[in-house]
Q: 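Can you read through this structure? Questions will come right after.
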Amino acid sequence: MKVAVVGATGMVGTVMLKVLAERNFPVTELIPVASARSAGKQLEYKGQNYTVVTLEDAVKMAPDVALFSAGGDTSLEWAPKFAEVGTTVVDNSSAWRMDPTKKLVVPEINGSVLTAEDKIIANPNCSTIQLVMALAPLHKKYKMKRLIISTYQSVSGTGVKAVQQLENEQNGITNEEMAYNYPINRNAIPHCDVFLENGYTKEEMKLVKEPKKILGDDSFAVTATAVRIPTAGGHSEAVNVEFANDFDLTEVRAILSATPGVIVQDDLDNNVYPMPMFANDKDEVFVGRIRRDESLPNTLNMWIVADNLRKGAATNTVQIAEYLVAQGLLG
Ligand SMILES: NC(=O)c1ccc[n+]([C@@H]2O[C@H](COP(=O)([O-])OP(=O)(O)OC[C@H]3O[C@@H](n4cnc5c(N)ncnc54)[C@H](OP(=O)(O)O)[C@@H]3O)[C@@H](O)[C@H]2O)c1
């Protein structure tokens, strides 16, 4: 299969190449794509060097699949051009997620919505993916009424420049270009993505809207606060969820433990709970600090952590492509 990785030199793209290799995705021809700045650069995949090409050149090669992580504007302009030559695009940006004509997919939850006609498929936001992985099985059982989410997001979620900013600050290097408006080291910035007219950030509104589309249910309410913290990789979320029906904590743990792709880390006697350092380089979503909200009936508190570059981005994208292959939905 001819596979283009668009944004191959970036934070997500680099992990995408790693995940494709690890999972032995059936690549017969790899096409790494980036901006004109990177064209000609060599990238390694499975011990072989590949030359980075521009989007113009990649479209001419008419790949079977193009895995996009090169920002929303690139996606808006180029995904349709790939689709026109018959390529199926799986896109990591926010460009197509809320487009009613495009599917927003976490394969474990709603892979079955995909058809051979879907030529541009959206990968949800990183914070959304880890959230719905843990909530989908509980929603099915107890029915969510309201969600309150507070995120603690790593700098790798912003991209290469932000990781560089944190490293520069930690090494005392100043006068370099900054990804954020403020220093991130020894700080917490309540500003992920841009501010919208309602006073929320775009990242917060992704958490409000995307879970409803993925779960195919807009009957529950969601509110969110998204915060950037000086962690290199791995997003954490404190989640308060009110259900319509009461639950038993032992049963909640059993449901989560039985969910593929979810691991319960919840052993207070031994100080076991999810943390970004444990989630690093893992594909699973980790859930812990599972406890009853004693201030409200039928309400649960929990702490959800995942590697934002893996299940939050690259792994989920490759899983969508794997699903398309397995179901014979490509080409
Ligand atoms: N980081 C995360 O956790 C995460 C999670 C989910 C989704 N995403 C999404 O994935 C996308 C990439 O994020 P990232 O963190 O990997 O960013 P990044 O590290 O800044 O990488 C951006 C990539 O896009 C390429 N690119 C930028 N402008 C381009 C253009 N005009 N034409 C072709 N290629 C272009 C860059 O190529 P050059 O090297 O040549 O500049 C680079 O390969 C974004 O849409 C982001 O919202 C990120």
Side-chain angles (χ1 to χ4, degrees), residues 4-19 31-43 50-59 66-79 81-82 89-97 104-106 121-132 151-167 177-180 192-194 201-203 206-207 210 226 228-229 231-237 276 279-281 283 305-320:
V5 175
V6 181
T9 51
M11 215 70 227
V12 176
T14 304
V15 180
M16 195 86 77
L17 293 175
K18 193 173 159 194
V19 172
I31 308 170
V33 189
S35 75
R37 294 179 291 275
S38 306
K41 201 175 160 182
Q42 297 287 304
L43 287 185
Y50 291 82
T51 305
V52 174
V53 302
T54 61
L55 282 154
E56 285 88 348
D57 288 341
V59 169
L67 309 177
F68 265 64
S69 52
D73 292 342
T74 307
S75 261
L76 280 176
E77 183 183 348
W78 287 91
K81 295 183 183 174
F82 278 88
V89 172
V90 187
D91 180 44
N92 259 291
S93 78
S94 57
W96 306 99
R97 289 180 190 148
L104 183 66
V105 176
V106 177
I121 300 161
N123 195 71
N125 183 41
C126 40
S127 316
T128 304
I129 295 177
Q130 65 185 73
L131 178 77
V132 293
T151 71
Y152 304 69
Q153 302 187 206
S154 67
V155 295
S156 71
T158 312
V160 170
K161 274 189 193 154
V163 174
Q164 196 58 56
Q165 180 182 332
L166 176 62
E167 278 175 14
E177 198 188 341
M178 285 172 54
Y180 303 115
C192 299
D193 209 329
V194 295
T201 59
K202 200 170 164 191
E203 185 81 1
K206 291 172 199 168
L207 282 161
E210 293 179 18
R228 193 72 62 187
I229 59 163
T231 303
H235 290 352
S236 306
E237 297 172 342
N280 181 44
D281 217 21
D283 286 323
V305 180
D307 185 327
N308 49 294
L309 295 175
R310 290 192 69 110
K311 185 58 183 168
T315 302
N316 198 68
T317 304
V318 175
Q319 285 175 319
I320 293 173

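Atoms within a ligand are numbered from 1 in the order they appear, just like the ligands themselves.
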Q: The test is side chain to side chain contact (heavy atoms under 4.5 Å, CB included); show your working for T9 and T14 and say whether it passes.
A: CA-CA 6 Å; T9 51; T14 304; 6.0 Å; no
Q: Quick one: look at L55 and ligand 1, take heavy-atom pairs under 4.0 Å, and tell me if it's side chain, backbone, both or neither.
A: side chain
Q: Distance only, no hydrogens: is a donor on one side chain within 3.5 Å (strictly under) of an acceptor on the other, for T315 and D283?
A: yes
Q: Protein non-hydrogen atoms only, distance under 4.0 Å: does atom 47 (O) of ligand 1 have such a neighbour?
A: no
Q: Of all the non-hydrogen atoms in the protein, which one sits nearest to atom 19 (O) of ligand 1, and at what distance?
A: M11 N, 2.8 Å
Q: Looking at T74, L67, L55, which hits side chain to side chain contact (heavy atoms under 4.5 Å, CB included) with V33?
A: L55
Q: Distance to 0.1 Å, residue and atom name: give those for the protein heavy atom nearest to atom 3 (O) of ligand 1.
A: N308 ND2, 3.0 Å
Q: Below 3.5 angstrom, do we get any N/O pair linking G312 and ligand 1?
A: no
Q: Can you find a protein heavy atom closer to atom 33 (C) of ligand 1 than 4.0 Å?
A: yes
Q: Identify the closest protein heavy atom to atom 26 (N) of ligand 1: which residue and atom is it, and at what distance?
A: A70 CB, 3.9 Å
Q: Is any N or O atom of H235, backbone or side chain, closer than 3.5 Å to an N or O atom of ligand 1?
A: no
Q: Okay, side chain of Q153, backbone of S127: is any donor-acceptor separation there less than 3.5 Å?
A: no
Q: Among all the protein's non-hydrogen atoms, which is closest to atom 44 (C) of ligand 1, and how far away is it?
A: G71 N, 3.7 Å
Q: For the 3.5 Å polar cut-off, considering only N or O atoms, please tell me whether G10 and ligand 1 meet it.
A: yes
Q: Polar contacts were defined as any N/O atom of the residue lying under 3.5 Å from an N/O atom of the ligand; does this apply to C126 and ligand 1?
A: no
Q: With no hydrogens and no angle check, just 3.5 Å: does a side-chain donor-acceptor pair link Y152 and T231?
A: no
Q: What I want to know is whether S35 and ligand 1 share at least one N or O pair that is separated by under 3.5 angstrom.
A: yes
Q: What protein heavy atom is closest to atom 17 (O) of ligand 1, reported as residue, atom name and distance in Å?
A: G159 CA, 3.9 Å
Q: Which is closest to atom 23 (C) of ligand 1 in terms of heavy atoms, S38, S69, A34, S156?
A: S69
Q: Could you tell me which non-hydrogen atom of M11 sits nearest to which non-hydrogen atom of G159, and how far apart they are?
A: SD-C, 3.9 Å
Q: Do T201 and E203 have a side chain donor and acceptor closer than 3.5 Å?
A: no
Q: Is the contact between R37 and ligand 1 made by the side chain, the backbone, both, or neither, using heavy atoms and a 4.0 Å cut-off?
A: side chain
Q: Go through the steps for N123 and I320 under the test side chain to side chain contact (heavy atoms under 4.5 Å, CB included), then give the verdict.
A: CA-CA 8 Å; N123 195 71; I320 293 173; 3.7 Å; yes
Q: With nothing but distance in play, are any N or O atoms of V160 less than 3.5 Å from an N or O of ligand 1?
A: yes
Q: As an exercise, state the distance from CZ of F68 to CZ of F82, rounded to the nearest 0.5 Å.
A: 4.5 Å
Q: With atom 8 (N) of ligand 1 as the reference point, say which of V155, N92, V163 has the nearest heavy atom.
A: N92
Q: Taking atom types as modelled, find out whether N125 and S94 have a side-chain donor-acceptor pair closer than 3.5 angstrom.
A: no
Q: Answer yes when K206 and D193 have at least one side-chain N-carboxylate O distance shorter than 4.0 Å, and no when they do not.
A: yes
Q: Taking the minimum heavy-atom distance to atom 30 (C) of ligand 1, which of N316, T74, L309, T9 ranks first?
A: T74
Q: Considering only protein heavy atoms, which is closest to atom 16 (O) of ligand 1, and at what distance to one decimal place?
A: V12 N, 2.8 Å
